[in-house]
Amino acid sequence: MLNKYARAFFTTIFTPVARLLLRLGISPDVVTVVGTLGVCFGALFFFPRGELLVGVLVITAFVFSDTLDGVMARMQGRKGVWGAYLDSTLDRFGDAAIFSGLAIWYFTGGEHQLTGYLALACLVLGSLVSYAKARAEGLGMSADVGIAERADRLVTALVTAGLVGLGLPERVLTVVLALLAVASAVTVLQRMLVVRSQAMAAAAAIDARG
């Protein structure tokens, strides 16, 4: 949902920056790697120390590289699959770092194990959401459906964590992570049902021809 409405806006914002970086000889792949390293640093250094607001600010500063590298690639006219593969793969590192950082804090200094378990649930289920789509596409089908896409999950988790860092009660983050975990599980189910429908339709078409 957020991807649909935000991508065009941020593309417009980052176009001058992308043009400048390309002029300086910086490639989209470099931006992708640096952005991922920045996200991982913000999540795994600050979150485990309980510095949620600082961690969110650092992550936010780097997370937009996910849009910036795409703008740069389009400006270069790159049509190969390597950039998309690198971007998608490193996105998983960033996602894992964010939810792992939250889990580490709430299992240790935060001393709220339920929130830690919910952060881990969001990590695992978020990976399944991505896998369900990637596997479907690998089999020649599509699974571009669901109520909790990657951008929705990350923005919701980061905004809430930042507000908790500003003084919002920690139970709010617990509730939000629980809702994200449920929404992720529903999204996996939605994608499985969509793929099942496509697979059965394809099988029926083969039977009808044969």
Side-chain angles (χ1 to χ4, degrees), residues 1-49 51-102 104-105 119 122-123 126-127 129-131 133-135 137-138 142-144 146 148-163 165-166 180 184:
M1 292 174 63
L2 291 174
N3 281 338
K4 179 180 179 181
Y5 298 105
R7 190 169 295 277
F9 172 75
F10 285 113
T11 295
T12 302
I13 295 296
F14 288 124
T15 293
V17 180
R19 188 175 292 113
L20 174 62
L21 292 176
L22 289 174
R23 193 175 296 131
L24 294 173
I26 299 173
S27 74
D29 290 350
V30 170
V31 172
T32 302
V33 172
V34 171
T36 301
L37 291 175
V39 169
C40 291
F41 172 75
L44 295 176
F45 182 80
F46 293 105
F47 281 178
R49 295 153 58 99
E51 299 176 10
L52 300 186
L53 178 59
V54 177
V56 168
L57 292 176
V58 172
I59 291 167
T60 301
F62 286 98
V63 78
F64 288 111
S65 64
D66 193 43
T67 300
L68 180 59
D69 58 8
V71 175
M72 294 172 66
R74 286 191 291 275
M75 284 183 172
Q76 284 187 323
R78 289 174 51 170
K79 298 180 180 179
V81 298
W82 164 247
Y85 174 80
L86 177 67
D87 191 52
S88 296
T89 301
L90 294 187
D91 280 348
R92 306 289 82 76
F93 279 96
D95 296 356
I98 290 170
F99 289 107
S100 294
L102 289 173
I104 292 169
W105 167 242
C122 288
L123 169 59
S127 297
V129 168
S130 299
Y131 177 80
K133 181 178 179 179
R135 183 57 176 157
E137 292 174 346
S142 63
D144 195 15
E149 295 185 355
R150 178 177 182 264
D152 303 314
R153 299 192 306 274
L154 290 185
V155 170
T156 302
L158 289 173
V159 168
T160 307
L163 291 175
L166 284 172
L180 287 178
S184 297

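Numbering of residues begins at 1 and proceeds along the displayed sequence.
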Is there side-chain contact between [X] and [Y], with heavy atoms separated by less than 4.5 Å?
X      : Y      : answer
Val17  : Met72  : no
Leu57  : Phe46  : no
Leu68  : Leu21  : yes
Arg19  : Val71  : no
Arg49  : Val54  : no
Leu123 : Ser100 : yes
Leu180 : Asp152 : no
Leu37  : Val33  : yes

Rounded at 0.5 Å granularity, tell me how far [atom1] in [X] sits from [atom2] in [Y].
X      : Y      : atom1 : atom2 : answer
Asp87  : Trp82  : CG    : CH2   : 11.0 Å
Arg135 : Ser130 : CZ    : OG    : 15.5 Å
Phe99  : Leu154 : CZ    : CG    : 5.5 Å
Asp144 : Glu149 : CG    : CD    : 6.0 Å
Leu86  : Thr36  : CG    : OG1   : 7.5 Å

side-chain contact (heavy atoms from CB on, under 4.5 Å) partner of Leu52, chosen from Leu166, Leu158, Leu102: Leu102
Considering non-hydrogen atoms only, spot the tightest contact between [X] and [Y] and give its length.
X      : Y      : value
Ile59  : Val39  : CG1-O, 3.7 Å
Trp105 : Phe47  : CB-O, 3.1 Å
Ser65  : Gly35  : OG-CA, 3.2 Å
Pro28  : Ala73  : CG-N, 3.8 Å
Pro48  : Ala43  : CD-O, 3.2 Å
Ser184 : Arg153 : OG-CD, 3.1 Å

When the ring planes of Phe45 and Phe41 are compared, do they come out parallel, tilted or perpendicular, using 30° and 60° as the limits? parallel
